[in-house]
Chemist: 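One structure coming up, written as structure tokens, with questions to follow.
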Amino acid sequence: MTRTIKVLVTKIGLDSHDRGAKIIARAYRDAGMEVVYTGLRQTPEQVMQAALEEDVDVVAISILSGAHSILVPRVVKLLRDEGLDDVLVLVGGVIPEDDIPELKEAGVKEVFGTGSNTDEIIAFTRQNVRRV
Amino acid sequence: MDIKELADGVIRGEKRSLARAITVVENNPGGTRELLGYIYPHTGGAYIIGVTGSPGVGKSTLVYSLARYYRSLGKKVGVLAVDPTSPFTGGAILGDRIRMSGGEIDQGLYIRSLASRGHLGGLSEAASDALALIDAAGYEIILLETVGTGQAEVEVMRFAHTVLVTLVPGLGDEIQAIKAGILEIGDVFVVNKADRDGVDKTVLEIEMMLDLAPLVSYRPRVIRTVASKDEGIEELVKEIERHKEHLIASDALNQKQMYMAEERVKDILIRRVSAYVLDRAGTDLDIAMQDIASRKKDPYTAAEEILKDWFEEA
Ligand SMILES: Nc1nc2c(ncn2[C@@H]2O[C@H](COP(=O)(O)OP(=O)(O)OP(=O)(O)O)[C@@H](O)[C@H]2O)c(=O)[nH]1
Ligand SMILES: [Mg+2]
């Protein structure tokens with residue numbers, strides 16, 4: 001049985017730009033997915049709680065503030081501690097090339113820079129979602 | 001997935017099991033039947049409060065404010081919020097959670113968003129089973145936010161013990177809503193955004209409409225709130241309590257439970273039977289379709305003929 005893919009789109013960090021997050025939320029919806037959008041300034045704890053309660057397949061984190069190397073691994077760790085091992089974690093935003101390996105090391109499946117197009121993100125999500 | 005194990009987790013009140021179980025009732029009819037069989041004896045403890053009203057009136061903000069108030073009284077609170085599915089893509093943006101975050105992680109609060117998936121009436125097909133699961137997990141108060149089309153979302157009456165109809169000052173909104181039949185579904189009328197101009201006028205107009213409504217045993221009241229500042233929430237909870245006491249005192253609660261049960265089982269019967277009928281009609285349906293489209297037969301005759309064949313067989 002195929003079921004609708006459910007995605008949590010969230011924005012961590014303290015900046016107040018969620019244009020990118022909204023674009024990706026809409027793109028997921030237009031691709032037929034169900035998107036829980038949390039809005040701005042979420043803490044890693046809140047992201048984990050939302051992912052758990054909503055039982056999502058994907059957590060898509062948008063981050064611009066530069067605190068990614070602390071906040072993103074923290075989200076992944078909280079998810080894994082709760083046993084949410086099969087949740088696909090993606091990151092989008094302004095991430096310096098040098099920081100990408102450590103994010104992947106921490107459990108992020110892919111990092112999409114500001115230049116990425118939404119078709120690419122959606123195709124990647126479809127291919128890598130683990131629960132069917 | 002082991003459904004029995006999942007059901008046990010729900011009954012123990014584990015959030016993760018509850019979350020996964022709700023996914024089952026959204027997607028898997030076979031699993032749903034098994035799951036409901038296990039958990040149903042554990043339901044009936046929750047008091048369900050429906051929150052309806054036009055887009056943007058502040059339903060989610062109000063729900064979150066109420067949730068925190070009930071939490072301060074020590075009650076476990078569940079929230080179920082339904083948002084519309086796009087009829088074009090089948091996707092949905094579920095945005096109610098935006099108004100429901102902030103603050104510490106609270107183990108006694110469970111929030112879940114659902115997409116309507118083409119279901120009309122302001123809820124989703126899975127909403128009723130999702131409510132049963134949250135109930136079985138031990139949540140004492142469940143707040144149910146409807147899609148909020150601005151039309152009378154009558155279905156909420158079938159699932160909630162008390163229905164809050166939310167309106168805002170100005171815009172002539174209240175009159176529109178009342179025309180759409182919202183007067184009949186509310187047990188409490190909430191004028192939210194009471195920090196805005198025109199509150200008194202709006203309250204007065206609703207009061208007037210309520211006075212003109214057919215005489216029934218219970219006269220709803222109008223409560224003012226500023227949900228974004230947690231104002232008026234205590235009064236609102238008192239009014240919900242007044243309605244609950246009325247339901248208990250007048251035996252209406254029992255009648256309501258019976259009504260809910262009847263509607264629910266009818267719903268399931270109709271769904272099962274129609275799936276069976278369409279499945280069995282199979283090729284007959286294809287032939288009928290051709291005959292009707294080419295004007296060889298009218299649709300009533302075609303339907304009658306399909307049914308006649310079956311009954312003669314039997
Ligand atoms: N001024 C004022 N604004 C409010 C109040 N309550 C909510 N709002 C604001 O109204 C807007 C809509 O609030 P929501 O809670 O999302 O409304 P909703 O009815 O759930 O909206 P939908 O689910 O989209 O139909 C938000 O910007 C809130 O901050 C209030 O009492 N006063
Ligand atoms: Mg809402």
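Predicted model only: the values in this text are computed from it and were never measured. Order of the sequence lines sets the chain letters (A, B, ...), proteins ahead of strands, with each chain counted from 1.
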Chemist: For B/L123, does its backbone N or O pair with a side-chain atom of B/S116 as donor and acceptor, under 3.5 Å?
Modeler: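 Answer holds: no.
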
Chemist: Distance only, no hydrogens: is a donor on one side chain within 3.5 Å (strictly under) of an acceptor on the other, for B/S65 and B/R99?
Modeler: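 The criterion, which ignores hydrogens and geometry beyond distance, is not satisfied for B/R99 and B/S65.
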
Chemist: For the CD1 atom of A/I95 and the CD1 atom of A/I100, what is their distance to the nearest 0.5 Å?
Modeler: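 Answer for the CD1-CD1 pair, A/I95 versus A/I100, is 7.5 Å.
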
Chemist: Heavy atoms only, distances under 4.5 angstrom: which of A/K6, A/E82, A/R26 has the most pairs with chain B? Name it, please.
Modeler: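 Most heavy-atom pairs under 4.5 Å with chain B: A/K6.
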
Chemist: Check for a donor-acceptor pair, side chain of B/N192 on one end and backbone N or O of B/V57 on the other, with a separation under 3.5 Å.
Modeler: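 Yes: the side chain of B/N192 pairs with the backbone of B/V57.
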
Chemist: Under 4.5 Å from any heavy atom of chain A, what part of B/R117 do you find: side chain, backbone, both or neither?
Modeler: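 Contact with chain A: side chain only.
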
Chemist: Report which part of B/I111 has an atom under 4.5 Å of a heavy atom belonging to chain A: side chain, backbone, both, or neither.
Modeler: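 Both backbone and side chain.
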
